[in-house]
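Everything on this sheet refers to the single structure shown next.
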Amino acid sequence: MPEAPAVQIDNLSKSFDGIEVLRDISLTVNKGEVVSVLGSSGSGKSTLLRCINWLEEPDRGSIHIAGQRIGVDAQGKRMNNRELAAIRAKTGMVFQSFNLWPHLNVLQNVMEAPMQVKKMRKDEARAIAQTLLEKVGMEQKAEAFPYTLSGGQKQRVAIARALAMSPEVILFDEPTSALDPERVGEVLTVMKNLSSEGYTMIVVTHEMEFARAVSDQVVFLEKGLLIEKSAPEKFFTNPETERVRKFLELSA
Ligand code: ADP
Ligand code: MG
């Protein structure tokens, strides 16, 4: 049997207050792929990511993570919180605003979820956290508290924290949008390295160069519709829709 995709989204729809913000979205992300999600503000990008890990409950459609349906069990019944947490743990999320735990130091931030959710032993969690901090170039800051770090450093810690759960996919929601311009590069470099190592990533971003250089697929959302899905070269040089052409013009 062929390996299940890391993420399979079928006919996903979601409304808020009667307004459909995701409309019949289908998308397959294979293992090791990087998918960049582009679109203007309010087009539904964050909601899409939040539906993938059921931080938002979809109205219709299904989402499978590494072959396992999230949110709904085999009988079509809603999962209880424990079941949902177990499959949600197969996804990692990196937010624009980092969301590190302020009362924990860098090392503890990375160790926390494996210990709490996976019941990993402390020494094992520490060893993994140290390796991951080296991967993102933050091993020197293991004992530091988040408030002492730059935005770029915080985001690299947040990435290490997401990796600590060995997720099937890492969801990035505008990971560099809150950073000073001179800090953007260090985070994108870490993300590029992850992609070379074969991590599966879905990245909402406005960094066109990154999307073009690193993605396997680029998708474009417009008012909740997925209106274009292409390989990056095609997307950036010969898009199918007038809307994407316009978007690229405006962001050039
Ligand atoms: P993007 O990330 O592309 O900027 P979002 O997914 O955040 O877009 O939002 C899509 C639309 O859904 C927007 O109109 C937004 O106002 C609306 N929306 C998002 N989350 C909620 C919510 N929790 N309640 C009501 N409306 C929401
Ligand atoms: Mg958003």
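These numbers were taken from a predicted model, which means no experiment stands behind them.
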Under the criterion side-chain contact (heavy atoms from CB on, under 4.5 Å), I'd like the reasoning laid out for M201 against E33: C-alpha separation, chi angles, the key distance, then a yes or no. CA-CA 6 Å; M201 303 160 46; E33 277 191 331; over 6 Å; no
Joint cluster assignment, I9 & L171, ILVMFWY side-chain distance < 4.5 Å: yes
Counting neighbours of CD on E197 that are heavy atoms of other residues, nucleotides or ligands and sit closer than 6.0 Å, is the number greater than 12? yes
List the steps, then state whether side-chain contact (heavy atoms from CB on, under 4.5 Å) holds for V219 with E228. CA-CA 6 Å; V219 305; E228 192 144 345; over 6 Å; no
Going by an N to O cut-off under 4.0 Å, is there a salt bridge joining K14 and E20? no
Do other residues, nucleotides or ligands put more than 12 heavy atoms under 6.0 Å from the NZ atom of K118? yes
Note: R78-E57 ion pair, threshold 4.0 Å (strictly below): yes
Thinking salt bridges, do K234 and E240 make one under a 4.0 Å N-O criterion? yes
Is it true that E242 and R245 have a side-chain N and a carboxylate O under 4.0 angstrom from each other? yes
Go through the steps to decide whether E124 and R121 satisfy the test salt bridge (Lys or Arg N to Asp or Glu O under 4.0 Å), and finish with yes or no. CA-CA 5 Å; E124 194 187 345; R121 285 206 334 262; 5.0 Å; no
Could you tell me how the ring of F247 sits relative to the ring of F220: parallel (under 30°), tilted (30 to 60°) or perpendicular (over 60°)? perpendicular
So, taking the atom named OG in S150 and the one named NZ in K141, what distance separates them when rounded to the nearest 0.5 Å? 8.5 Å
E222 and R243 ion-paired at < 4.0 Å: yes
Given side chains that start at C-beta, do those of V157 and L149 come closer than 4.5 Å, heavy atoms only? yes
